[in-house]
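Below is one structure, written out as structure tokens; comments come after it.
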Protein chains: 2
Amino acid sequence: MRVHPRKLTPDDVARTALRVLDELGLPDLTMRRLATELGVQPSALYWHFPDKQTLLAAVADRILPLAPAEGNEPAAGEDWAARLHAEADALRAALLAHRDSAEVVSSTIALGLGANPALARLRRALADGPFDEVTAGRAASTMLHLVLGQVSLEQQRVQYERLGVRAAQGEQPAPARPEGSDAEDFRFGVAALIAGLRTGG
Amino acid sequence: MRVHPRKLTPDDVARTALRVLDELGLPDLTMRRLATELGVQPSALYWHFPDKQTLLAAVADRILPLAPAEGNEPAAGEDWAARLHAEADALRAALLAHRDSAEVVSSTIALGLGANPALARLRRALADGPFDEVTAGRAASTMLHLVLGQVSLEQQRVQYERLGVRAAQGEQPAPARPEGSDAEDFRFGVAALIAGLRTGG
DNA sequence: ACCTGAACACCGTTCAAGT
DNA sequence: ACCTGAACACCGTTCAAGT
């Protein structure tokens with residue numbers, strides 16, 4: 001709810017959408033809610049974006065910027081495997097910074113919208129390796145699926161715990177996963193794929 | 001639209017839902033549409049299922065049965081790597097048999113619903129390998145993400161082409177992917193992951 | 001037990017009209 | 001150019017009431 005709504009830019013809309021996403025989650029990120037938050041009528045949003053999916057693609061591009069996250073840049077001079085691992089870690093970190101981000105990014109990719117900077121960065125890391133273009137593309141795509149799937153599960157668990165124990169009847173309260181398991185699961189998958197790429201390269 | 005709607009079972013509902021999914025796609029699989037198809041009021045569905053997500057979980061369990069698909073059973077006596085590859089192929093085949101299936105299964109998994117028989121089958125294949133339980137679980141989960149991500153992309157392309165070229169302005173008409181590329185992409189990712197698991201085991 | 005009828009509380013999107 | 005006002009065509013879900 002802006003107090004003095006001077007003028008709206010697409011950037012304002014996307015930025016506020018990302019804030020609403022963090023505060024309320026994807027199911028409550030509706031065009032009407034977003035409009036209210038911007039102090040504007042829902043129909044006003046359609047002057048800046050053709051539809052909701054395109055708006056979500058802009059949000060996805062904010063979640064995964066083209067440049068690596070601060071402190072997560074892969075050091076130059078490292079080999080492709082180390083760089084690829086660093087990029088995967090950076091991707092996970094960028095996703096974990098926002099609620100329901102994996103779902104937003106996945107659906108954007110599934111619809112073929114957005115710049116898909118994640119794929120571009122993974123491919124850049126692979127460019128140093130002994131792969132032809134087709135293979136590098138396949139490897140990047142495989143890694144992206146792995147990252148999105150893993151983070152998606154991770155974020156689902158958070159949301160699950162947010163709903164409370166809700167142990168109705170004989171339902172077990174929680175899988176009781178030890179601290180850091182998600183990070184270890186992630187590391188395992190990434191390492192396995194990279195090891196496989198190494199043998200195939 | 002049933003003509004003689006004797007009595008409705010949850011099975012009838014799920015089966016019809018799967019048919020509607022194939023014919024109209026996930027966006028048009030609404031409770032109202034499904035009710036119409038069954039010759040019943042929308043509210044009637046809520047006697048058989050508590051909500052739409054649970055119904056979709058039942059649909060997901062129909063798409064991925066607990067037993068391997070006919071002709072895709074991994075031969076006994078093969079090593080774990082061959083079995084795992086066979087299970088991955090069977091999973092892909094089962095998914096490709098129904099429209100928007102990857103999205104249905106993914107969302108069901110993301111919500112922690114359904115029996116998730118896919119994961120169980122992948123774990124069974126890994127049971128023959130040199131992995132402890134935790135590692136086998138991680139490997140299965142990684143493979144599942146890979147399969148779902150790849151098939152999701154594949155199904156998106158089909159739907160894309162279904163919408164026609166729609167080359168408005170300077171949009172490229174189609175990525176012009178050669179026949180069988182999707183299968184090769186899939187094979188590459190699966191083989192790479194298995195190779196990595198082999199080195200790590 | 002199984003389903004109808006009718007409502008509740010929403011959605012995304014369009015479009016003439018205002019400024 | 002940018003936004004309002006009002007509508008259109010839907011959703012999922014609930015719940016009293018019927019049989």
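Note on naming: letters A, B, ... go to the chains in the order of the sequence lines (proteins, then strands), and numbering restarts at 1 for each one.
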Tell me: [atom1] of [X] to [atom2] of [N], nearest whole Å?
X: Gln53(A); N: dG12(C); atom1: CD; atom2: P; value: 11 Å
X: Trp47(B); N: dA16(D); atom1: CH2; atom2: C1'; value: 17 Å
X: Leu56(A); N: dG12(C); atom1: CG; atom2: C1'; value: 12 Å
X: Phe49(A); N: dC3(D); atom1: CZ; atom2: P; value: 12 Å
X: Leu34(A); N: dT13(C); atom1: CG; atom2: P; value: 12 Å
X: Arg32(B); N: dC11(C); atom1: CZ; atom2: P; value: 15 Å
X: Lys7(B); N: dA1(C); atom1: NZ; atom2: P; value: 10 Å
X: Leu45(A); N: dC2(D); atom1: CG; atom2: C1'; value: 12 Å

Thinking salt bridges, do [X] and [Y] make one under a 4.0 Å N-O criterion?
X: Asp12(A); Y: Arg15(A); answer: yes
X: Arg124(B); Y: Glu87(B); answer: no
X: Arg177(B); Y: Asp182(B); answer: yes

>> Work out how far the C1' atom of dC3(D) is from that of dC15(C), and round it to whole angstrom.
In response: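 Here dC3(D) and dC15(C) have their C1' atoms 13 Å from each other.
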
>> Taking dA9(D) as the reference, what is the distance to dA9(C) when you measure between their P atoms (whole Å, please)?
In response: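 Here dA9(C) and dA9(D) have their P atoms 23 Å from each other.
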
> In the structure shown, which nucleotide is the Watson-Crick or G-U wobble counterpart of dA1(C), with both distances under 3.5 Å?
Replying inline: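 In the structure as shown, dA1(C) has dT19(D) as its Watson-Crick or wobble partner.
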
> Taking any strand in view, what nucleotide pairs with dA6(D) in a Watson-Crick or G-U wobble way, both distances under 3.5 Å?
Replying inline: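 Matched dA6(D) with dT14(C) under the 3.5 Å cut-off.
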
> Which nucleotide sits closest to the side chain of Asp51(A): dC3(C), dT13(C), dG12(D)?
Replying inline: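 Of all the options, the side chain of Asp51(A) is nearest to dT13(C).
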
> From the list dT4(C), dT13(C), dC3(D), which nucleotide is the closest neighbour of the side chain of Val40(B)?
Replying inline: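 Per side-chain heavy atoms of Val40(B), the pick is dT4(C).
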
> dG5(C) base to Ser43(B) side chain: any donor-acceptor pair below 3.5 Å?
Replying inline: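 Yes, a donor-acceptor pair under 3.5 Å.
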
> Do any side-chain nitrogens or oxygens of Gln41(B) fall under 4.0 Å of OP1 or OP2 in dC3(C)?
Replying inline: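 Result: no.
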
> dA1(C) phosphate, OP1 or OP2: any side-chain N/O from His48(B) under 4.0 angstrom?
Replying inline: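 It does not, given that no N or O in the side chain of His48(B) lies less than 4.0 Å from OP1 or OP2 of dA1(C).
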
>> Within the 4.5 Å heavy-atom criterion, are Thr30(A) and Val20(A) side-chain neighbours or not?
In response: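 They are not in side-chain contact.
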
> Measuring from His98(B):NE2 to Arg62(B):CZ, what's the distance to the nearest 0.5 Å?
Replying inline: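 Going from the NE2 atom of His98(B) to the CZ atom of Arg62(B) covers 9.5 Å.
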
